[in-house]
Structures are given as C-alpha cells and as structure tokens.
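Just so it is clear, the values below take in all heavy atoms, side chains as well, and ignore hydrogens, waters and symmetry mates. Chain A is the first sequence line, chain B the second, and so forth, proteins listed ahead of strands; every chain is numbered from 1.
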2 protein chains.
Amino acid sequence: MSRKEEITNLLTCFRKIHPISRDSEEAIIDLSSLVSVKKNQDLQPIGVTCRTIYFVQSGLARIYYYKDGNEITEYFAFENDIIVRAESLFTGKPSKKAIQAVEDTVFIGIPSAQLFELYDSFPDIERLFRKIIESTYVDTVNRIESIQFHTAEERYTQLLSENPSMIQRIPLKHIASYLGITQVSLSRIRAIR
Amino acid sequence: MSRKEEITNLLTCFRKIHPISRDSEEAIIDLSSLVSVKKNQDLQPIGVTCRTIYFVQSGLARIYYYKDGNEITEYFAFENDIIVRAESLFTGKPSKKAIQAVEDTVFIGIPSAQLFELYDSFPDIERLFRKIIESTYVDTVNRIESIQFHTAEERYTQLLSENPSMIQRIPLKHIASYLGITQVSLSRIRAIR
DNA sequence: CCTTTCTTTTTACAATTGTTAAATAATCAG
DNA sequence: CTGATTATTTAACAATTGTAAAAAGAAAGG
C-alpha cells in the first residue's frame, strides 16, 4: 500500500466522526507521515514533550508510565485508534509517559503545532479534533465508572468480551496494570473461569 | 449583583482559558441565563437529554447517578466550575445522571444547541470550548490514575489537602461514593487519623 | 538442541475494603 | 423544644486484592 493510500484510510476514519472539506483533507495529508516501529520499541520516550498526534495504521501500541518503579499501562490503541499523551500535548509540559509498539506497528503522525495552525484556516479541522476529544473524554469518564464500581474480575470479563484478541496479542502483565491489578491477581482471576 | 455583572464573572473565567473577541463575549452573554436551585434540589433530573452547559456562579453542585440502587457522586462543581453531563451532551442520548445543588446554588446556563450554532460564526468560541474540554479531559485521565494507584486513604487525604472545605460542605456519603468507597470505609479511614 | 531469559501461574499470608446491623450524633420540621 | 428523620460511626465478619517467593511454562538466541 502506498503512503497516500495508507493515509487515506485515516481519512475514512475521520469522515465517520466529522466530514471535512476536500481542501482540509489535503492539508492534513500534507502534514502526515508514516512511522514504523518494531515490537517493544518506544515511538516516543518518557521525558519528551508530546508534539505529534498519532494514529495506529496497523499493529498495536500502548501508553505506559512508571509508578513507584512499576510499569503501568494506561491505554491500548488498535488499528485506527488515536494515541496521544494528552497531559503533555495540551499542557506543553514534558510527558511522564511513553508510547510503545506492542507489535510491529505503523503509525500515522501529524505534528501538533502544524495541525493547530490549520485550525485557523480550516475551522472544520478544529471541529473534527474537538469531536475526537469529546468522544475520547466520554470514553474516559465511562472508564472511571468501570474501575470504581466493578471488581477486577468483572473488568477482565468485560475486556475479554469486548476485545477477545487482546488476550492473545498483549502480555498479561500489561493487561493487569491496565486493569489496575497485579499480575498475580489477574492470574488468579483467569484460573477460576 | 445584576444579571449582567454575574455573567461577566464567567467571562473573566473564560478569558483565563482562551481570550475571545468582544463580539463573541456578547454573543455568549445573550445566550446565558441565571438559574437558582435550592439545596438538595435537582437542576436536571435523570432521564432528560442534556441540552444546557452550566457553570456554577455561587454555591456547590454535583453530578450523581444510580448504580445497583446506590447513589454515586461522579463530580463536584465549585464556583466557576463547569458542570455538564458529557455522556448525554456529546451523544444526544438521555442522561443517566442528574445535576443537583449540594447547597443553594446559582447556575449560569448556556443552551448547547444555540452555543453550537455560534461555533459557525465565532470560531474563537469553538476554540474556547475545545480548550475547556481538553483541560477537563486531562483532569479525568489524572483522576483514573488517582483511583487505580492510590488507596482510599491516600485519595481521601489528597482531597482533604486540595480542598479542605469539601469535608465541611458536602455530606460524607457523597464524598465516599466520589472516592469509590463505602461510607463505612470512609468513616474507618477518618477514625484512624 | 540447549541455555538463558521472560512470562505466567501457584502458594501462603497480610492488608484493605465490603457487608450487615446496630449505636450514636446531628439536623429539621412542627 | 421535641420527635422524627437523616447522617455518621462502630463492630464483627466475609470477600477481594496485594506482597513475596518459588515453580512451571514459553520464547529467543546462539
């Protein structure tokens, strides 16, 4: 697949969220580039300010950080998902988080400064990204509910039903920290079923 | 304080986030209205689609919902805070959540449909609200970290240090459900200190 | 094929939080 | 002021999850 064709995939995904003009699409394509990252390699390391908005073209990636010496996975991004360290992108501060390829992964990257400049000339692009944030925000609020009011077992079962392939594709230690439990607890939960 | 003066307070708050033109400010003021709600009364009940964006002018409010028959507080809004049932506003679906005044509270309400129409003529208003969402999103991601990786005691202590007045102003049962624990657990935690 | 390394599971025990019920304290309406 | 309601605390016990260490299993490199 050519670079242009691959990025066209992204546009298809955007169109479902908020259709933008042909000119706006062109402007985004001009900014976009493809980045390939090998399994277990960091796309963006800890300590660097986030200046690029990524989407997963193919493969699978995660955001992780360290908490008391333990690695915590905050987010998984599958094909066509956005992956961004928002706490850094929206504040300009160096990120305490890293983006890592869980499998060999191809990302589409859009430099944030240049994208934000487009917002002035293309209000429909700003609207598209506003809607993306809104939807991401709703997901995040729902995730809080899931964490606070379901047991680890319930959350694991739900994850399994929503996305069965995760268990095959992602090391259980990452899933455990994503669920907010230890790997031992996850193993225990899996043993019961 | 006159209606106009009160809403001007809101503009002062907006200016800190993203300055907008005089015309844009006027347009927002024209849409805005004040709503007073007595303590423990719902501003917006469960089951109604969210069509208004509220800010707390004075007093204190919360968003709550029911989970297995138990009332859960999701969010507290103090003076100048935004309060919105995002899962309904951004999806158009009836909300499973309600907004309630914890004290006698004055809200500033902006009808969302009319506000969203302003986005077309005043891109700076869209930008302002995009930034509000971005910042709210970052807060929410940080809250997940707080829930997943701190004990209930740590979360209570942090809440106490960030906002000591909460404990005086808000019934402990609401604080308990906000922290994701039972009231009995919260009582136990408070007894130790 | 073998060794090394990484991942996952198992075990035993400790700590935290939940559940239920009852007691105490505070608040509110008349 | 007083009874009724609501809020908060306490107690006893159960369930869930964490911690540490060891064992088993799977993957990777030479």
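- Atom CZ of A/Arg188 is separated from atom C1' of C/dC13 by 11 Å (rounded to the nearest Å).
- In this structure, A/Ser185 does not reach the D/dT17 phosphate: none of its side-chain N or O atoms is under 4.0 Å from OP1 or OP2.
- The residue among B/Gly180 and A/Gln183 whose nearest nucleotide of DNA chain C is located toward the 5' end is A/Gln183.
- Distances shown here put every side-chain N or O of A/Thr151 at or beyond 4.0 Å from the OP1 or OP2 atom of D/dT16.
- For the OP1/OP2 pair of D/dG18 and a distance below 4.0 Å, the side-chain nitrogens and oxygens of A/Thr182 include at least one atom meeting the criterion.
- Contact record, B/Thr105 with B/Glu103: OG1-O, 2.6 Å, taken as the closest heavy-atom pair.
- With B/Gln158 as reference, B/Glu162 is the one residue of B/Glu154, B/Glu162, B/Arg155 to meet the side chain to side chain donor-acceptor pair (under 3.5 Å) rule.
- Atom pair A/Ile167:CD1 and C/dT7:P shows a separation of 17 Å (rounding to whole Å applied).
- Residue A/Val184 places its side chain closer to C/dT11 than to any other of C/dT11, C/dT7, C/dT19.
- Here D/dT8 presents its P atom at 4 Å from CG of B/Leu172, a figure rounded to the nearest Å.
- Projected onto DNA chain D by closest heavy-atom contact, B/Ile170 and A/Arg155 fall at different nucleotides, the more 5' of which corresponds to B/Ile170.
- Of the possible donor and acceptor atoms, one in the side chain of A/Ser88 sits under 3.5 Å from a partner among the backbone N and O of A/Lys93.
- Distance CD (A/Glu103) to P (D/dA27): 14 Å, rounded to an integer number of Å.
- With respect to B/Asp124 and B/Lys131, no salt bridge is recorded, no charged nitrogen being found less than 4.0 Å from a carboxylate O.
- Note on A/Arg190: a side-chain N or O is less than 4.0 Å away from OP1 or OP2 of C/dT9.
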